[in-house]
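Take a look at the structure below.
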Amino acid sequence: MENAPYPTKTFDSLPPDKDSSFFLRLTGFITVTIFSGFILNWALNPENLGRITLWTGLHGAFSASWYLLLLSQIRFSSLKNYSSHAFWGKLSIVLVIAILLSGTIMTLEFYERLAGFGVFSPDDAQARVRAGSFIGGVFLQWAIFISLYLLAILNIGNPAYHKRFMIAAAIQMMPEGLNRLVHILALPGYSMFILMFCIYAFIMLYDWKIYKRVHTATICSFGLFIVLATSMNTIFLWQAWGDWVTKVFSGI
């Protein structure tokens, strides 16, 4: 027995609390970063609070609750309190539906208001590009968010996959707060994507350090992030895309 080789680490062989500890801290960082973007924006521009509509407020409340619930879920997992984890996990389904529904109405409301101000005017070519960039970025972000969430649900029996897809879903929603934080700090717009890339790189380094390979769920999630970043800086800036989006939304 003394000469038996030491078993190779696998994702399932790692004690749950060690994996959860890493992801709890990471999710805490993500949550604080997003909340900071909104809080600083309101603190420095208090007039923005007066522009919050019913649907904007509901969307913000649902999104904030989802992040706080995710932190609680990771904590329940680390404590092996699986009954509470399962109970509150069912609530997350309701929150995700509420986020998507309120977010869609909020986006249409916001689009209509900016179109009225001329920012998304259908008569201005550049305004149509801005409209296309806004709509494309928002709805692709949510499409990837729900895809990652569903992947997490489908892999609920595999903690390593489940946890990584849930964290990736949280990362995917970061632009809502990051764009405000970037604006306040007077950083270039691409800084938002650099920070998101660094978070994924940190997860990959963790995978490699602990398991000597990058987890498949991490690679898949990172690939979807690349799709978002690439689309927002290419397709969604095309004139043809902006013209099509404006035509569709003008008819709503």
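What's counted below: heavy atoms across the whole structure, side chains too, no hydrogens, waters or symmetry copies. Numbers for residues simply follow the sequence, beginning at 1.
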Can you find a heavy atom in the side chain of Leu40 that is under 4.5 Å from one in the side chain of Arg180?
no
Rounded to the nearest 0.5 Å, how far does CD1 of Ile144 lie from CD1 of Ile146?
12.5 Å
Could you walk me through whether Phe202 and Phe22 pass the ring-ring contact (aromatic ring centres under 6.0 Å, His included) check?
CA-CA 11 Å; Phe202 196 49; Phe22 168 77; 5.6 Å; yes
Can you tell if the side chain of Met173 reaches within under 4.5 Å of the side chain of Ile99, non-hydrogen atoms only?
yes
Less than 4.0 angstrom from a charged side-chain N to a carboxylate O is my criterion; do Arg164 and Asp207 meet it?
yes
Within the distance-only criterion (no hydrogens, no angle test), does the side chain of Asp124 pair as donor or acceptor with the backbone N or O of Gln126 below 3.5 angstrom?
yes
Do the side chains of Arg113 and Thr53 get nearer than 4.5 Å, heavy atoms only?
yes
Arg130 side chain to Val119 main-chain N or O, any donor-acceptor pair under 3.5 Å?
yes
Is there a side chain to side chain contact (heavy atoms under 4.5 Å, CB included) between Glu176 and Ile34 once you walk through the steps?
CA-CA 7 Å; Glu176 293 193 12; Ile34 295 174; 5.8 Å; no
Using modelled atom types only, decide if a donor and an acceptor are shared between the side chain of Thr56 and the backbone of Ile52 within a distance under 3.5 Å.
no
To check you understand the geometry: which heavy-atom pair defines the closest contact between Leu151 and Cys220, and what is its length?
CD1-SG, 4.4 Å
Kindly indicate, with the supporting measurements, whether the criterion ring-ring contact (aromatic ring centres under 6.0 Å, His included) is fulfilled by Phe225 and Tyr200.
CA-CA 9 Å; Phe225 160 70; Tyr200 272 115; 5.6 Å; yes
Do you know which two heavy atoms are closest between Thr230 and Thr234, and how far apart they sit?
O-OG1, 2.5 Å
How about Tyr161 and Thr216: do any of their side-chain heavy atoms sit closer than 4.5 Å?
yes
Measuring from atom OG of Ser77 to atom NE2 of His162, what distance do you get when rounded to the nearest 0.5 angstrom?
8.0 Å
Taking it one step at a time, do Ile171 and Ile203 satisfy side chain to side chain contact (heavy atoms under 4.5 Å, CB included)?
CA-CA 11 Å; Ile171 298 172; Ile203 297 175; 4.0 Å; yes
Donor-acceptor check, side chain of Tyr67 to backbone of Ala170, threshold 3.5 angstrom: yes or no?
yes
For Asp243 and Thr246, test the side chains for any donor-to-acceptor distance below 3.5 angstrom and give the result as yes or no.
no
Check the hydrophobic clustering (I, L, V, M, F, W, Y; side-chain heavy atoms under 4.5 Å; chains of links allowed) and say if Ile194 and Leu185 are grouped together.
no
Determine the minimum heavy-atom distance between Pro159 and Gly157, stating which atoms define it.
CD-O, 3.5 Å
Which pair of heavy atoms, one from Trp208 and one from Arg213, lies closest together, and at what distance?
CE3-CA, 3.3 Å
Please confirm whether the ring centroid of Phe139 lies under 6.0 Å from the ring centroid of Trp142.
yes
Output the distance between atom OG (Ser221) and atom CG (Leu148), rounded to the nearest 0.5 Å.
5.0 Å
Separation of Ile74 CD1 from Ile167 CD1 (nearest 0.5 Å):
3.5 Å
Under the side chain to side chain contact (heavy atoms under 4.5 Å, CB included) criterion, do Arg128 and Trp241 qualify, and how do the steps go?
CA-CA 9 Å; Arg128 294 196 297 272; Trp241 169 260; over 6 Å; no
Testing the basics here: between Gln172 and Pro175, what is the closest heavy-atom pair and its distance to 0.1 Å?
O-CD, 3.3 Å
Show, in sequence, the C-alpha distance, side-chain angles and deciding distance for Tyr149 and Ile93, and conclude whether the side chain to side chain contact (heavy atoms under 4.5 Å, CB included) test is met.
CA-CA 9 Å; Tyr149 178 79; Ile93 299 175; 3.2 Å; yes
So do the side chains of Met166 and Ile156 get within less than 4.5 Å of each other, counting heavy atoms only?
no
Kindly say whether the aromatic ring centers of Phe120 and Tyr111 come within a distance under 6.0 Å.
yes
Heavy-atom donor-acceptor pair, Ser65 side chain to Ala61 backbone, under 3.5 Å
yes
Under a 3.5 Å distance rule, please check whether His85 uses its side chain to pair with a backbone N or O of Phe76 as donor and acceptor.
no
Determine whether Tyr206 and Ile219 fall in the same hydrophobic cluster, where Ile, Leu, Val, Met, Phe, Trp and Tyr are linked whenever their side-chain heavy atoms lie under 4.5 Å apart.
yes
Taking the ring centre of each residue, are Phe134 and Phe110 less than 6.0 Å apart?
yes
Side chains of Ser36 and Thr33: is there a donor and an acceptor less than 3.5 Å apart?
no
Kindly compute the distance separating CH2 (Trp88) from CG (Asn81), expressed to the nearest 0.5 Å.
12.0 Å
Report the distance from atom NZ of Lys163 to atom CZ of Phe23, rounding to the nearest 0.5 Å.
7.0 Å
Are more than 12 heavy atoms from other residues, nucleotides or ligands located less than 6.0 Å from atom CD of Glu112?
no
Could you tell me whether the side chain of Asn41 and the main chain of Gly37 form a donor-acceptor pair under 3.5 Å?
no
Spell out, yes or no, whether Leu181 and Leu187 are grouped together once hydrophobic residues are joined by side-chain heavy atoms under 4.5 Å, including indirect joins.
yes
In this structure, would Ile226 and Leu237 fall into the same cluster of hydrophobic residues linked by side-chain contacts under 4.5 Å?
no
Answer with yes or no whether the side chains of Ser231 and Asn233 bring together a donor and an acceptor at under 3.5 Å.
no
Can you find a heavy atom in the side chain of Trp238 that is under 4.5 Å from one in the side chain of Val129?
no
Using the rule that two of Ile, Leu, Val, Met, Phe, Trp, Tyr join whenever any of their side-chain heavy atoms come within less than 4.5 Å, decide whether Phe29 and Leu68 are in one cluster.
yes
With a 6.0 Å cut-off on ring centres, are Phe145 and Trp66 close enough?
yes
Is a side-chain donor or acceptor of Thr27 paired with a backbone partner of Leu24 at a separation under 3.5 angstrom?
no
With no hydrogens and no angle check, just 3.5 Å: does a side-chain donor-acceptor pair link Ser92 and Gln73?
no
Shortest non-hydrogen contact from Asn179 to Met192?
N-SD, 4.0 Å
